Amino acid sequence: MQMKYVTTICPYCGTGCALNLVVRDGKTVGVAPSHRSPVCSGKLCSRGLHAADVLGEARIEEPFIKGEHSDWETVMDKAAELKKYAAGEIIIITSPRITNETQYLVWKFAQSLGAAIGIINGGSGAPTVKLDELKDADVILTLGNVMQALPLTGNRIIQAKENGARLLYIGPQSYTAVQADTVEITDEYKELRPGFSALLKNAVRPAVVYMANDSAAAKLAEGLGIRAAVLYDKNNGRGASLMGIGPVDLPESVKAAFIIAETPLTEQDIYADLLQKLDSLELTIVATSAETSLLGIADIVLPVAALHESEGTVTNWEGRIQMLRRAANTPEGVKSLQEVLAELAGKMGLGIPSGTPEEIYAALASEISAFGNITYEQIAKPEGVFVQEA
Ligand code: SF4
């Protein structure tokens, strides 16, 4: 029996807590907190603490065509039929839970196809306050249920409250509302009530916190002109945003889709609203590590490595790039997403970068200015490195 601890990043929310995955004989069997990361300082929320229970769950380990088991050669030939479609007829729906390097390859794949690319509930926006600065704010306005979505970011807000900060809340009934001192329950964000405005105006270090995929909250927050924490609820949503990948839009012209399914799965089926439309397409290819509602509508299913079987970097909502380390072995018969993209690009006569995660990172950094001048080696430090904001 072989046991080891692998320090990596939680696969769930955009806080980007570091954790130690306990690995026995190539399989994750437990989670221990990491005390070396300033993001979480040895703490994890219950989702992070129980990550090992779900990481290997409901794995897809064989390719399928129309619900029937198949082999890699047949499915890849069939998937290469994407090349029959014109640029405007293809959509790539990517996941905010893959590494920066894999996202870069997906983005290059879409670019070389001329296809549109997007993320379900994708967001945009750069924060002007860091995680640790939140606890020193004296008035914090929270818009929407930010504390349940990103629990350890929520911890910093609670710390600020314990330090004497006033916590204001606008949004639907939620956990964040319960924690706030001053609350306005509403389904829409309108102008600030005079009481809220006065508190923010008289504050020395005010801050507003909202979700990157909540455009109404963003509009209200931007109008305030104060420091803002723009939260991404998926572990590499910010990385995707830095590559210019925004919310998915499925126009009528689309006939074929290549979807990188979002795993590990969450309680809410993020694809529910799109299933009918995706089902009506001529060709739907789904690359996934685990069972998803997309399996019911997929023409082709490609079994790919899960996040804890991958190596690379991820960017938390603050813009902190951190190292995600490979903890578990990939099951036999499963390929990495990088291998799938390279093979598919080869069959379709497209050129996308290749190499080790470090080499792909170097290509990414040379093209995406936020990552420029930051080396892979620097990212390996426990505290990671912040992207260069424009
Ligand atoms: S706060 Fe987010 S990143 Fe941290 S352990 Fe919980 S789910 Fe994971």
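Heavy-atom basis, side chains included; hydrogens, waters and symmetry copies ignored. From a predicted model like this one, the values you see are computed outputs, not experimental measurements. For ligands, and for the atoms within them, numbers begin at 1 and follow the listed sequence.
A salt bridge is defined here as a Lys NZ or Arg NE, NH1 or NH2 lying under 4.0 Å from an Asp or Glu carboxylate O, and E89 with K255 meets this definition. Ion pair K335/E343 flagged as a salt bridge, since at least one NZ, NE, NH1 or NH2 atom sits closer than 4.0 Å to an Asp/Glu carboxylate oxygen.
Legend: salt bridge (Lys or Arg N to Asp or Glu O under 4.0 Å) pairs involving residues 38-62, not counting sequence neighbours, sorted by first then second residue: R59-E309. For residues 279-308, the side-chain hydrogen bond (donor to acceptor under 3.5 Å, both in side chains) pairs, not counting sequence neighbours, are K66-D299, Y85-E282, T263-S289, D269-S293.
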All N/O donor-acceptor pairs, side-chain side in residues 217-230, below 3.5 Å, sequence neighbours left out:
| from | atom 1 | to | atom 2 | distance (Å) |
| --- | --- | --- | --- | --- |
| R227 | NE | P206 | O | 3.4 |
| R227 | NH2 | R205 | O | 3.4 |

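Around atom 6 (Fe) of ligand 1, the protein contributes the following N, O or S atoms at distances under 2.8 Å: C45 SG.
Looking only at distances, no side-chain donor or acceptor of T313 sits under 3.5 Å from a matching main-chain atom of Y361.
Listed by number with element, the atoms of ligand 1 under 4.0 angstrom from any heavy atom of G16 are 3 (S).
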